[in-house]
Amino acid sequence: MLIQRPDPIRPSEITSESVFVKRRALLKAALAAGLLPGTMARAQPVTTSTLGDLAAANGRLENVSPWADNPSLATTPYEYVTEYNNYYEFGTGKGDPARYAHTLVTEPWSVEVEGEAENTGTFTLEDILRPHALEERIYRFRCVEAWSMVVPWVGFPLGDLLKRFAPTSRAKYVQFFTLNDSEQMPGVRSRVLQWPYREGLTIEEAMHPLTLLTVGLYGRVLPNQNGAPLRLIVPWKYGFKSIKSIVRIRFMEDQPRTSWNMAASREYGFYSNVNPDVPHPRWSQASERPLGAGLFASRQPTLLFNGYAEEVADLYTGLDLVRNF
Ligand SMILES: Nc1nc2c(c(=O)[nH]1)N[C@H]1C(S)=C(S)[C@@H](COP(=O)(O)O)O[C@H]1N2
Ligand SMILES: [Mo]
């Protein structure tokens with residue numbers, strides 16, 4: 001197989017304010033080039049896992065970093081990304097997932113695909129990942145609770161996977177489910193949400209090239225608390241749309257139910273696009289607190305579609321974003 005040598009990755013490129021930076025890099029070279037801060041020594045290196053074998057087999061890591069035009073952005077420290085989490089299956093505290101998610105068994109893993117598609121059935125994680133080259137993408141990420149992060153995710157476009165299942169013309173939506181196992185997930189004994197955790201996208205959103213199915217962050221395999229082994233990232237939507245530890249994908253004709261909407265429909269709509277002009281019923285969404293910037297750092301203004309308006313606004317032409325929140 002042809003293995004391409006990458007350009008060295010310079011920190012100046014990572015913090016670049018350019019809207020769209022694109023480059024290719026070998027995963028190993030990315031690691032060697034110092035992309036990863038030293039504080040990540042504790043993290044599992046990609047190369048020791050099945051995932052690492054797949055990345056090696058793929059031979060390359062494509063590096064695509066879409067940025068909104070904001071020079072103050074910098075990647076959030078790894079500790080914040082992996083120790084301040086929302087993953088209610090492991091508790092509702094921000095520290096609970098990092099503390100308790102070690103009980104999640106991520107190998108072996110399989111995903112059931114059902115509904116409006118030609119190729120349905122059960123697929124192993126390997127089936128899912130094998131044909132796809134992994135990319136690194138640095139995305140803004142914003143929780144509905146008004147904190148935000150900038151994270152280098154490792155994954156590939158969800159649409160590339162969904163096409164392999166050949167959705168039918170009736171597939172207008174895609175629904176996703178997280179594992180629901182009280183043995184592994186102490187939080188599902190609580191009734192704070194209805195389990196399994198579920199989320200949904202329109203088929204156009206799911207097929208959008210920015211929508212990423214991720215297996216890693218900061219060049220490492222996803223820690224359990226961040227949704228190992230397979231986790232969705234939809235960077236222009238509030239964080240709860242980015243469902244973790246996916247075990248089921250369902251193509252649907254009708255709009256799917258989603259856990260947060262089922263819990264509080266006035267507060268969490270189906271779309272949940274980041275929008276500074278549409279307040280949550282209990283708080284403003286006009287600004288956000290960048291995680292890891294320090295307690296006294298000033299909040300920053302929230303951007304429409306989390307800064308990805310240029311890429312995704314087309315998906316919503318003619319849609320009233322206040323009614324369809
Ligand atoms: N299965 C599952 N997925 C989930 C959640 C959850 O509780 N369970 N929380 C969501 C919310 S509210 C946010 S903000 C993000 C947090 O992702 P992070 O912990 O990787 O930052 O995960 C989302 N995905
Ligand atoms: Mo969130």
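Order of appearance sets the numbers: ligands from 1, and atoms from 1 within every ligand. If you're wondering where the values come from, they're calculated on a predicted model, not measured in any experiment.
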*Verify the neighbour count for atom OH of Tyr80: are there more than 12 heavy atoms of other residues, nucleotides or ligands below 6.0 Å?*
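No, not enclosed.
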*Answer yes or no: is there a donor N or O on one side and an acceptor on the other, between the side chain of Asn306 and the main chain of Val274, under 3.5 Å?*
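A pair under 3.5 Å: no.
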*What pairs with Tyr100 under side-chain contact (heavy atoms from CB on, under 4.5 Å), at least two apart in sequence or on another chain?*
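Here the qualifying residues are Phe90, Asp96.
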*asked:* Taking side-chain contact (heavy atoms from CB on, under 4.5 Å) as the definition, give me every residue that meets it alongside Ala264, ordered by chain and number, with sequence neighbours left out.
replied: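 With sequence neighbours excluded, Ala264 shows a side-chain contact (heavy atoms from CB on, under 4.5 Å) to Glu267, Tyr268, given in chain and number order.
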*Heavy-atom cut-off of under 4.0 Å around ligand 1: list whichever protein residues fall inside it, by chain and number.*
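Correct list: Asn85, Asn86, Tyr87, Tyr88, Glu89, Phe141, Cys143, Trp147, Met149, Thr178, Tyr197, Asn226, Arg231, Gly239, Phe240, Ser242, Ile243, Lys244.
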*If you link ILVMFWY side chains whenever their heavy atoms are less than 4.5 Å apart, which other residues fall into the same cluster as Phe325? By chain and number, please.*
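Its cluster partners, ordered by chain and number, are Val278, Val322.
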*Would Glu199 and Lys241 pass as an ion pair if we require N to O under 4.0 Å?*
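Answer for the salt bridge query: yes.
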